[in-house]
Amino acid sequence: MPGFEIFGEEEKKEVMDVLDTGVLFRYEFPEQRKGVYKVREFEEKFATYTGTRYAQAVTSGSTALKVALTALGVGPGDEVITQGFTFVATWEAILEVGAIPVFTEVNATLNMDPADLEKKITEKTACIIPVHMLGAQADVIEIVKIADRHGIPVLEDTAQAAGGRIQGRHLGSFGTCGTFSFDSVKTMTTGEGGMIITDDEELWRTMSEYHDHGHDHVVNPGARGGEGRRFVGFNYRMMEIQGAIGIAQLAKLDTMVREQKKTKQRIMEAASDIPGVQFRKLIDPDGDSATFICFSLQDREHAKRVNVSLAAEGCGAINFGENTWHFYPKWEHLLSGATTVKSGWPFREPGGKRRVVYDADMLPQSADIVGRTLVYPIPIKMDPKRLEQICSALIKAKNT
Ligand SMILES: *Cc1c(COP(=O)(O)O)cnc(C)c1O
């Protein structure tokens, strides 16, 4: 699963190009940098790879979400709908721009349930963020259809699904924009880093300026110091070293996915004899990035028994119902409105009035599905012995 598994000579070579010039900044220094613009090159290659017109590199997948939401004009007074099974970063970014996160159920795709989405849209909904969790597709075509009917932009959180597709089209390219993470455990990694893709030139221009303190990037004789600005920005710039690593990792992405698919197929076969087992519903199995395998059992108790049996063989799986970082009822700091801000923002208005109250039992369908689902991450380079161990543990588990 993580790109660091195959970190090698290609990454080193790209990084050396940067170290040879000594220019770590993505802009400026035209003489010293000898034509080396790694972040720009990474953006161009990423846009080409995903079949989109524009890509904007930023410092992380979290800031990618924030920059995208900001460029879409989302802020206080708005609601943003996402799913209750995701990494905390998705809704942290929504709170970060001052909007209120609203959570939908997930369905058998383990991603946003379009039927529940429809029920949660209000006149305050300013954006919809389906997440392609654990490497596989949200039902994004259906979600975009619903959003279009209401005139609401869709931002695809593709942090966990770089290289994933539906009918050949890249995840992240269906909505108004899509965000990616290259943190140290993601399928392709730059250590820290993120990207936003879009076909909308004006949206891209706004993101580009906002992420760089508002610099308008218009060519002018006064260079950077003389540039104008249209609005207040902030700094989410990616460094040249990360851009360099990204170029090398991107070139390996399709190979990573291919290797993971082979391993995943073997594990699926071994698990298929467990009574009542159901594999995660994939919108397009061919476009799966295969970074995880997810299978659900008859009920929570059955899942527990199976996992005890797997653990006894040294192959315990992840149950995200128990995981505190990815599932709504376990986000006690969100549910209680814990914040460092003295006024209580973003959970309270400056006067003290509560802006939102969350109920831990609000997503029963998600609790059922997530609670009886077991998950293994799929390494890019799976040790054959380890693979055999997992497969034989799964075969044994069919009697539990
Ligand atoms: C990792 C992740 C992020 C945040 O990415 P960082 O680069 O770690 O900030 C956002 N959303 C999801 C679904 C993620 O898994």
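Note: hydrogens, waters and symmetry copies are ignored here, and every other heavy atom, side chains too, is used. In each ligand, atom 1 is the first atom listed, and ligand 1 is the first ligand listed. Just so we're clear, the structure is a prediction, and the values are computed from it rather than from any experiment.
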S62-ligand 1 polar pair, N/O distance under 3.5 Å:
yes
Aromatic contact between H333 and W91, with the criterion being ring centroids under 6.0 Å apart: yes or no?
yes
Protein contact of atom 5 (O) of ligand 1 - nearest heavy atom, named by residue and atom, plus distance
S181 OG, 3.2 Å
Compute both the distance and the angle, then confirm whether R169 meets the cation-pi test with F174: under 6.0 Å from the six-membered ring centre, within 45 degrees of the axis.
yes
For atom 3 (C) of ligand 1, which candidate among A64, A89, A161 provides the closest heavy atom?
A89
G61, any N or O under 3.5 Å of ligand 1 N or O
yes
Quick check on contacts: which atoms of ligand 1 are under 4.0 angstrom from a heavy atom of T90?
11 (N)
Is there a heavy atom of H132 sitting under 4.0 angstrom from any atom of ligand 1?
no
Strictly under 6.0 Å, is that where the ring centroids of H326 and F85 end up?
no
Quick check: F42 with F182 (ring centres under 6.0 Å apart)?
yes
Given F29, which of V36, L24, T21, V23 fulfils the side-chain contact (heavy atoms from CB on, under 4.5 Å) condition?
V23
Closer than 4.0 Å to some heavy atom of S60 - which atoms of ligand 1 meet that?
7 (O), 9 (O)
Are any of the N/O atoms on T86, whether in the backbone or the side chain, positioned under 3.5 angstrom from an N/O atom of ligand 1?
no
Hey, which atoms in ligand 1 end up nearer than 4.0 Å to a heavy atom of K186?
1 (C), 2 (C), 14 (C), 15 (O)
Which residue supplies the protein heavy atom nearest to atom 11 (N) of ligand 1, what is that atom called, and how far is it?
D157 OD2, 2.8 Å
Looking at the rings of Y37 and Y27, which for Trp means the six-membered one, are their centres under 6.0 Å apart?
no
Identify the closest protein heavy atom to atom 15 (O) of ligand 1: which residue and atom is it, and at what distance?
Q160 NE2, 2.8 Å
When every non-hydrogen atom of V370 is compared with those of N319, the smallest separation belongs to O-OD1, 3.5 Å
Among R33, R40, R26, K38, which one satisfies salt bridge (charged side-chain N to carboxylate O under 4.0 Å, His left out) with E240?
R33
Does the ring centre of W325 sit less than 6.0 Å away from the ring centre of F320?
no
Option of least heavy-atom distance to atom 8 (O) of ligand 1 (set: T190, V185, D183):
D183
For atom 12 (C) of ligand 1, what is the closest protein heavy atom, and at what distance to 0.1 Å?
A159 CB, 3.4 Å
Numbered in order shown, the ligand 1 atoms found under 4.0 Å of a heavy atom of V131 are 13 (C)
